[in-house]
**Student:** 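Okay, here's the structure, questions in a sec.
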Protein chains: 2
Amino acid sequence: MANQTHDKRAARTKMLIRDALTELMEEKGFEGVTVRNLTEKAQINRGTFYLHYRDKYDLLEQSEEEILKEIEDKARGINPKDALHSTSQDEPFPVILKLFEYFQENARFMRVVLGPKGDASFQVKLKELIKQQFLQNIASKLNVEDMLVPAEYFIAFVSSAQLGLIQHWLETGMKKPPKEMALIAAKMILLGPGHVAGIK
Amino acid sequence: MANQTHDKRAARTKMLIRDALTELMEEKGFEGVTVRNLTEKAQINRGTFYLHYRDKYDLLEQSEEEILKEIEDKARGINPKDALHSTSQDEPFPVILKLFEYFQENARFMRVVLGPKGDASFQVKLKELIKQQFLQNIASKLNVEDMLVPAEYFIAFVSSAQLGLIQHWLETGMKKPPKEMALIAAKMILLGPGHVAGIK
DNA sequence: TTATAAATCAACACAATGTTGATTAATTGA
DNA sequence: TCAATTAATCAACATTGTGTTGATTTATAA
């Protein structure tokens, strides 16, 4: 139960368990996964699981928290001034680009946890993170006074759209590179869906 | 196990179970709900549950399917020509308005099933339905040739945004009437987030 | 009112959970 | 390198939920 990160065995076991989680979630979804399943797939004793995690929910939470932390760290590495600034027509917003890059690196787990068999609470947390990033990087450019709609709905709209774009991209096999996806996102946000699609 | 919809008792029992489901999902989320919980809350015998549903997943699915059907029926009642057409500045798109109205009527269940303790697969299904509605009502206005981004990303962006707007609205207590929300959605889609928020 | 269908109740085998104490194995670092 | 520490294994346990059964009571519909 202690902090056993300084033992090769513990690190290996945790990795085996997390890999098993990804595989099993792909098969049955998180609901369908049992601790038995996990330990059989990971080829470890069932008791060993409880040395590291309280239950399967604890395992999922820890995995998700780590991901959220890593994304936050990535975003922190960008100067807020540059975050939503494109140097040229072909350069997307750095924050959004970083986001797509991170998801590509961790595609297997992200795809399943954000998919239909995944975890609704994680989607909410991730959307919240995207909201915060948007607010931090866009606050100065926003003129809350004369917006055409209340800010809260604007931000809910944009962050959901951004997450939905990522989900669709993951679900369809990431056929376009992160840079291209980031450009698509930027166009949609700045120019607007209606204009982008040539409606009216 | 037969189709017992012609008996008052069966109808009553089903209602009790579904009400219990909503309440229990609010408390513990769907994962945490057991058949025992449901039948205790509904004050029925545990065996009775299995007379109507295979298991708790079957219960959730049947509830969700009914909702999707009802939404489709509502949308079918609108002439496609009018679906995304506003007669005046203060008249929102009929399809989007109907959507908000339906969610308001079934707010309790919708809020929890679309929230953090809800069902990720239902979100996907609902998003799919929104996509289809959009495509049906917008196809004629779309010029797939000279769109600035591939159509699939446009539609993923817009339908996710629309669903996100509904989720935020439910989560924050539906403080605005459906009509106002539908107008907000329309502005965001037609004018674009960037323009609406006055960015750049 | 009577035939039918729904709901109750007790009992069952089964599977997953989380915890235990004793034992073996791997690792760290002195 | 070797001793101390920590991780992993194993068998066993009580507990809880599951889904199904057969017999019985109760409500509904025709």
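Chain naming here is simple, since letters A, B, ... match the order of the sequence lines and numbering starts at 1 in each. The basis for the numbers below is simple: all heavy atoms, side chains too, and nothing from hydrogens, waters or symmetry mates.
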**Student:** Between atom CG in A:Asn45 and atom P in D:dA11, what is the gap in whole Å?
**Tutor:**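 After rounding, the reported distance stands at 9 Å.
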**Student:** Where the side chain of A:Ile44 is defined as all heavy atoms beyond and including C-beta, which of C:dA16, C:dT8, D:dT9 is the nearest nucleotide?
**Tutor:**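 Within the option list, the nearest is D:dT9.
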**Student:** In whole angstroms, how far is the P atom of D:dG17 from the CG atom of B:Leu38?
**Tutor:**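 The distance from CG of B:Leu38 to P of D:dG17 comes to 12 Å, rounded to the nearest Å.
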**Student:** Taking A:Asn137 for its side chain and A:Gln133 for its backbone only, find out whether a donor-acceptor pair lies under 3.5 Å.
**Tutor:**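 Side chain of A:Asn137 to backbone of A:Gln133, a donor-acceptor pair under 3.5 Å: yes, one is there.
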**Student:** B:Lys14 side chain to B:His52 main-chain N or O, any donor-acceptor pair under 3.5 Å?
**Tutor:**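 It does not hold such a pair.
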**Student:** For B:Glu31 and D:dG17, give me the distance from atom CD to atom P, rounded to whole Å.
**Tutor:**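 Rounded to whole Å, this separation is 16 Å.
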**Student:** Mind checking whether A:Phe157 and A:Tyr153 have ring centres under 6.0 Å apart?
**Tutor:**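 When the ring centroids of A:Phe157 and A:Tyr153 are compared, they turn out to be at least 6.0 Å apart.
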**Student:** When the distance from CG of A:Asn37 to C1' of C:dA15 is rounded to whole Å, what number comes out?
**Tutor:**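 Checked: the CG to C1' distance equals 11 Å.
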**Student:** How would you summarise protein contacts on nucleotides 18-30 of chain C per nucleotide, using B for base, S for sugar-phosphate only and - for none, with heavy-atom distances below 4.0 Å?
**Tutor:** BB-----BBSS--
**Student:** Looking at B:Lys74 and B:Glu101, is any side-chain nitrogen of the basic one under 4.0 Å from a carboxylate oxygen of the acidic one?
**Tutor:**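 Judged by the 4.0 Å cut-off on N to carboxylate O distance, B:Glu101 and B:Lys74 do not form a salt bridge.
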**Student:** Rounded to whole angstroms, how far apart are CG on B:Leu16 and C1' on C:dA7?
**Tutor:**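 Value for this atom pair: 12 Å.
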**Student:** By the 4.0 Å heavy-atom rule, please label B:Thr34 as base, sugar-phosphate, or nothing.
**Tutor:**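 Sugar-phosphate: the residue B:Thr34, judged by heavy atoms under 4.0 Å, touches backbone atoms but no base.
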**Student:** Can the positive tip of A:Lys179 be found less than 6.0 Å from the middle of the six-membered ring of A:Phe100, inside 45° of the ring normal?
**Tutor:**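 No, A:Lys179 and A:Phe100 do not form such a contact.
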**Student:** What is the distance, to the nearest angstrom, from the CG atom on B:Asp58 to the P atom on D:dT18?
**Tutor:**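 Result: 14 Å.
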**Student:** Given atom CE of A:Met15 and atom P of D:dA8, what is their separation to the nearest angstrom?
**Tutor:**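 Roughly 13 Å, once rounded to whole Å.
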**Student:** Are B:Lys41 and B:Glu27 ion-paired here, with the side-chain N under 4.0 Å from a carboxylate O?
**Tutor:**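 A salt bridge is present here (some side-chain N lies under 4.0 Å from a carboxylate O).
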**Student:** Nearest whole Å is fine: how far is C:dA16 C1' from A:Arg36 CZ?
**Tutor:**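 The answer, rounded to whole Å, is 6 Å.
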